[in-house]
Amino acid sequence: MRTTGDRATLKVVLLGCGVVGAAVYRLLAEQSADLSARAGAALEVVGVAVRDPGRPRTVTVPPDLLTTDAGALVTRPGVDIVIELMGGIEPARTLLLAALNAGKSVVTANKALLASHSAELHEAARRNNADIYYEAAVAGAIPLLRPLRESLAGDEVRRVLGIVNGTTNYILDKMDTSGADFGAALTEAQDLGYAEKDDPGTDVEGYDAAAKAAILASIAFHTEVTAADVYREGITQVTAADIASARTLGCVVKLLAICERSHGGVSARVYPAMIPREHPLAAVRGAYNAVFVEAESAGRLMFYGAGAGGQPTASAVLGDIVTVVRNRLAGLRGPDASTYAELPLVPIGDALTRYYVQLDVADRPGVLAPIADAFAQHGVSIKAMRQEGRGDDANLLIVTHTAREDDLAQTVASLSAMTAVRKVASVMRVEAEDDE
Ligand code: NAP
């Protein structure tokens, strides 16, 4: 930190100048006077690490600031804050540990890193009296981690239910509104830049949402949860028929990140599920994100907004930078990771939810009784059952009351083995509905 006149100047370096990094660089320049007044110190960008300095960029970075030597930047004497916007686990992890060990504070948007190495990064920050902030890592522009960590610090969070991946929300929304199948909706999302052309798997297989679920669960339940602890299913198996079935039930299909207290522990899972069309999350369209939080005293809260994009994500990064500057000037650090509760993780087999099951059955007398019996034998209670079609086209649509995953899986296995059931056409979870 350097002091000129009556205001200090803090030196910052950026690791990455891509979609988010370029937006942060531009906003730091364009808003420098306001940011300085709000934070209480001026900010000077003294280095920008990239992979290829010759690559065309959306911002003009002076050539003498650009470097490929990120390692030298993070330990450079005089640097106060390292802003990591390169993504991935390595070399980001090694670089941020080096930065923290050199006493620099860190701001990052790297969900993959935080969801797998949060403990060692927070420990390095604590040991070195430095800060680590990562609001942008979950749901882009939406203020979510700070409200969970700070505003709700006096409350008991029961459940966090969110649409935290814009790509999959776009695809499912497209399937719902146009009747397109998964492949066609994915191609459109890729053409519009919502999904990666080469490797859409991180989004559509649910890895991105699982990383965010891990971060949300850790903060909401004061327990260390990593991405590997989160049960994950993506949306690649969702069919146009599933979407149509959801419609007939008054539901819509969303990829949900669900983190909740259950059986005295924490259940964290990501999968596509039906939710009622009147639920606030059902109204989240296109690539938007929203997170629904249920807390003991606060009740139900909803956070909604742009979950990605350079400028929206940069807003969250800048908010963290201002916080770090204020902390530095006050000689303070932000709160450490709170993991005191150390709640056990609930295995997916014990997770409780409701199910929609569609069976292709032979339409003849006496078929319903053994099917209902298969549910009863495994302790799964049926809420509603409806038959559609006749003869060879008969379909049974069944919605259950809340049941354990394992019990439902055993029910489905029994149904599959019955001669009266030609095919278990679809099984999908139903979330966000009160069980009456
Ligand atoms: P991006 O456009 O791919 O940019 C990555 C930047 O990092 C590029 O400038 C690249 O350099 C640089 N880089 C990569 N590896 C490097 C290395 N080993 N050494 C030096 N520089 C390196 O990525 P992004 O979309 O901005 O995402 C950045 C981070 O923000 C990720 O953690 C992502 O998960 C997170 N995030 C992104 C969004 C979003 O909407 N994009 C939203 C929320 C969070 P070159 O330019 O030379 O290739």
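Counting starts at 1 for both ligands and their atoms, in listed order. From a predicted model like this one, the values you see are computed outputs, not experimental measurements.
Taking a heavy-atom cut-off of under 4.0 Å, ligand 1 is surrounded by Gly16, Cys17, Gly18, Val19, Val20, Ala49, Val50, Arg51, Asp52, Arg55, Arg57, Leu85, Met86, Gly87, Pro91, Ala109, Asn110, Lys111, Ala136, Ala308, Gly309, Thr313.
Between Val164 and Val291, the closest side-chain pair of non-hydrogen atoms falls below 4.5 Å. Residues Lys254 and His279 are not in side-chain contact: their nearest non-hydrogen atoms beyond the backbone lie 4.5 Å or more apart.
The neighbour count for Phe182 CZ, taken as heavy atoms of other residues, nucleotides or ligands under 6.0 Å away, is above 12.
Put simply, the side chain of Ser218 never gets that close to the backbone of Glu224: no donor and acceptor are under 3.5 Å apart.
A cation-pi geometry, defined here as NZ or CZ lying under 6.0 Å from the six-membered ring centre and within 45° of its normal, holds between Arg149 and Tyr134.
In the model, Thr108 has a side-chain atom that pairs as donor or acceptor with a side-chain atom of Glu84 under 3.5 Å.
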